[in-house]
Amino acid sequence: MGVQVNPNKNVTVYLTARLSSQRAPRKMIRPFTENGESLFEVMCHTMRQLRYPCFTAVGDDELIEIGKKMTLPNAHRTREEVDGDGNLRMIYGFLERCETSHAMIISPCTPFLTPQVINDACDYFCKNDLMSLTSVTKEQNWFFGRDKKPLFEFDVYNMNSKDLCLYAMANAFEVFSVERFLKESIFYEFNRPEDPYLYEIPKIEAVDINDEDDFQLASLMWKGRQTSP
């Protein structure tokens with residue numbers, strides 16, 4: 001069990017997934033690793049190493065069977081939840097059965113996300129007075145707006161990007177109040193630093209597979225990291 005400083009504040013972790021991807025069809029169950037394991041199996045291995053209560057949250061039979069083989073309990077999702085598009089309250093309706101005050105939703109498309117980063121993020125959330133938390137990565141570069149003008153002033157005589165920084169949402173995980181979500185259908189409001197707290201993760205762990213090119217590149221990266229000395 002993970003850190004529980006306040007007995008009224010704890011986290012259940014959910015791995016959501018579905019098979020109806022259009023940009024990379026059936027990416028969850030296609031061979032991804034060097035030994036033919038699927039992307040969903042990789043993510044289930046990660047879930048099994050967590051210190052917090054964790055569930056898969058799937059409704060497709062093939063994903064349910066993989067979760068069973070991995071001995072992970074499943075928070076069953078209805079067809080309406082699985083097929084929902086944009087309506088968060090519908091997509092995550094299974095949270096009505098969540099038994100902790102807060103939930104973490106993990107993207108199924110981040111195979112390099114490690115158990116340590118997930119556990120550490122939950123620990124940090126439970127130890128601190130935060131309303132919600134989202135994963136971000138740090139970007140250091142020269143950034144320009146739609147008008148092609150610099151977003152920040154910089155010294156043209158000293159082109160050092162180390163002094164420039166933006167944070168981008170990593171889309172790896174979200175932590176939020178279950179009660180507020182069920183009432184208001186939101187994760188957070190972006191109106192204060194603790195709602196959400198921006199939790200920085202390594203860029204490699206934020207690799208997000210959206211389309212076919214992403215899948216092929218990430219699969220090559222995975223296989224390369226497994227065979228490198």
Side-chain angles (χ1 to χ4, degrees), residues 1-17 28 32-33 37-58 63 66-75 77 88 92 94-95 97-138 167-181 187-188 193-209 218 221-222 225-226 228:
M1 184 67 67
V3 169
Q4 189 171 341
V5 176
N6 182 344
N8 296 317
K9 181 182 181 185
N10 208 344
V11 179
T12 297
V13 183
Y14 294 94
L15 173 64
T16 61
M28 284 291 106
F32 178 77
T33 71
E37 283 195 317
S38 66
L39 181 58
F40 191 63
E41 288 174 298
V42 168
M43 298 302 296
C44 285
H45 283 306
T46 298
M47 293 287 284
R48 292 184 64 190
Q49 299 176 63
L50 300 183
R51 300 193 305 269
Y52 285 78
C54 58
F55 294 78
T56 57
V58 296
L63 298 177
I66 291 173
K68 284 182 179 179
K69 291 179 181 178
M70 295 283 191
T71 65
L72 287 170
N74 183 46
R77 298 174 72 191
L88 294 180
Y92 301 121
F94 62 86
L95 289 173
R97 303 185 297 278
C98 182
E99 296 183 355
T100 54
S101 62
H102 291 76
M104 171 186 271
I105 300 292
I106 293 183
S107 166
C109 304
T110 52
F112 299 101
L113 187 62
T114 61
Q116 179 178 347
V117 164
I118 298 170
N119 282 325
D120 288 350
C122 288
D123 288 350
Y124 189 86
F125 181 79
C126 289
K127 289 178 179 178
N128 292 277
D129 188 18
L130 305 175
M131 295 183 66
S132 59
L133 178 150
T134 189
S135 54
V136 298
T137 55
K138 181 187 290 186
Y167 288 93
M169 290 190 72
N171 299 315
F173 51 75
E174 317 283 353
V175 184
F176 52 91
S177 164
V178 173
E179 181 179 9
R180 180 170 71 168
F181 177 79
F187 295 151
Y188 32 65
E194 67 273 15
D195 189 30
Y197 177 81
L198 304 184
Y199 190 87
E200 186 179 347
I201 67 174
K203 280 190 176 182
I204 184 61
E205 302 206 22
V207 169
D208 187 17
I209 300 173
M221 288 171 61
W222 180 276
R225 285 166 67 90
Q226 303 306 307
S228 59

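Just so we're clear, the structure is a prediction, and the values are computed from it rather than from any experiment.
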Item to complete: Decide side chain to side chain donor-acceptor pair (under 3.5 Å) for Glu99 and Thr12; before the verdict, give the C-alpha distance in whole Å, the side-chain angles of both, and the deciding distance to 0.1 Å.
Response: CA-CA 8 Å; Glu99 296 183 355; Thr12 297; over 6 Å; no
Item to complete: Please work out which of the three classes, parallel, tilted or perpendicular, describes the rings of Phe176 and Phe181, given edges at 30° and 60°.
Response: tilted
With a 4.5 Å heavy-atom cut-off, do [X] and [Y] have their side chains touching?
X	Y	value
Val13	Phe173	no
Thr100	Tyr52	no
Thr56	Leu63	no
Met47	Met70	no
Ile105	Tyr92	yes
Pro108	Leu39	no

Determine the minimum heavy-atom distance between [X] and [Y], stating which atoms define it.
X	Y	answer
Phe112	Glu205	O-CG, 3.4 Å
Ser132	Asp195	OG-OD1, 2.7 Å
Ser135	Ala172	OG-N, 3.1 Å
Ala170	Thr137	CB-CG2, 4.1 Å
Ser107	Leu15	O-CD1, 4.0 Å
Ile204	Arg225	CG1-NH1, 3.7 Å

Can a donor-acceptor pair be found, under 3.5 Å and without considering hydrogens, that links the side chain of [X] to the backbone of [Y]?
X	Y	value
Ser177	Arg180	yes
Asn119	Arg51	yes
Glu41	Ser38	yes
Thr46	Pro115	no
Asn74	Val58	yes

Discussion item. Would you say the rings of Tyr14 and Phe94 are close, in the sense that their centroids are separated by under 6.0 Å?
Written reply: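 Here the rings of Tyr14 and Phe94 have centres that are less than 6.0 Å from each other.
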Discussion item. Go through it in stages, so that I can follow the logic: the residues are Met169 and Glu174, the test is side-chain contact (heavy atoms from CB on, under 4.5 Å), and I'd like the CA-CA distance, side-chain angles, deciding distance and then a yes or no.
Written reply: CA-CA 10 Å; Met169 290 190 72; Glu174 317 283 353; 3.9 Å; yes
Distance check, rounded to the nearest 0.5 Å: [X] atom [atom1] versus [Y] atom [atom2]?
X	Y	atom1	atom2	answer
Tyr124	Tyr199	OH	OH	8.5 Å
Ile209	Met28	CD1	CE	7.0 Å
His102	Cys122	NE2	SG	11.0 Å

Fill in: Cation-pi geometry met for Lys9 and Phe125 (6.0 Å, 45°)
yes
Fill in: Derivation and outcome, side-chain contact (heavy atoms from CB on, under 4.5 Å), residues Leu72 and Arg48
CA-CA 7 Å; Leu72 287 170; Arg48 292 184 64 190; 3.9 Å; yes
Practice prompt. Quick one: do Glu194 and Asn128 satisfy side-chain contact (heavy atoms from CB on, under 4.5 Å)? Show the steps, please.
Written response: CA-CA 9 Å; Glu194 67 273 15; Asn128 292 277; over 6 Å; no
Practice prompt. For side chain to side chain donor-acceptor pair (under 3.5 Å), just list the numbers for Asp208 and Thr110, CA-CA rounded to whole Å, side-chain angles, deciding distance to a tenth of an Å, and then say yes or no.
Written response: CA-CA 5 Å; Asp208 187 17; Thr110 52; over 6 Å; no
Discussion item. Counting neighbours of CD on Glu200 that are heavy atoms of other residues, nucleotides or ligands and sit closer than 6.0 Å, is the number greater than 12?
Written reply: yes
Item to complete: Give the C-alpha distance, both sets of side-chain angles, the deciding distance and a yes or no for side chain to side chain donor-acceptor pair (under 3.5 Å) between Tyr197 and Asp129.
Response: CA-CA 10 Å; Tyr197 177 81; Asp129 188 18; over 6 Å; no
Worksheet entry | Verdict with reasoning, Thr16 to Ile106, per side-chain contact (heavy atoms from CB on, under 4.5 Å) | CA-CA 7 Å; Thr16 61; Ile106 293 183; over 6 Å; no
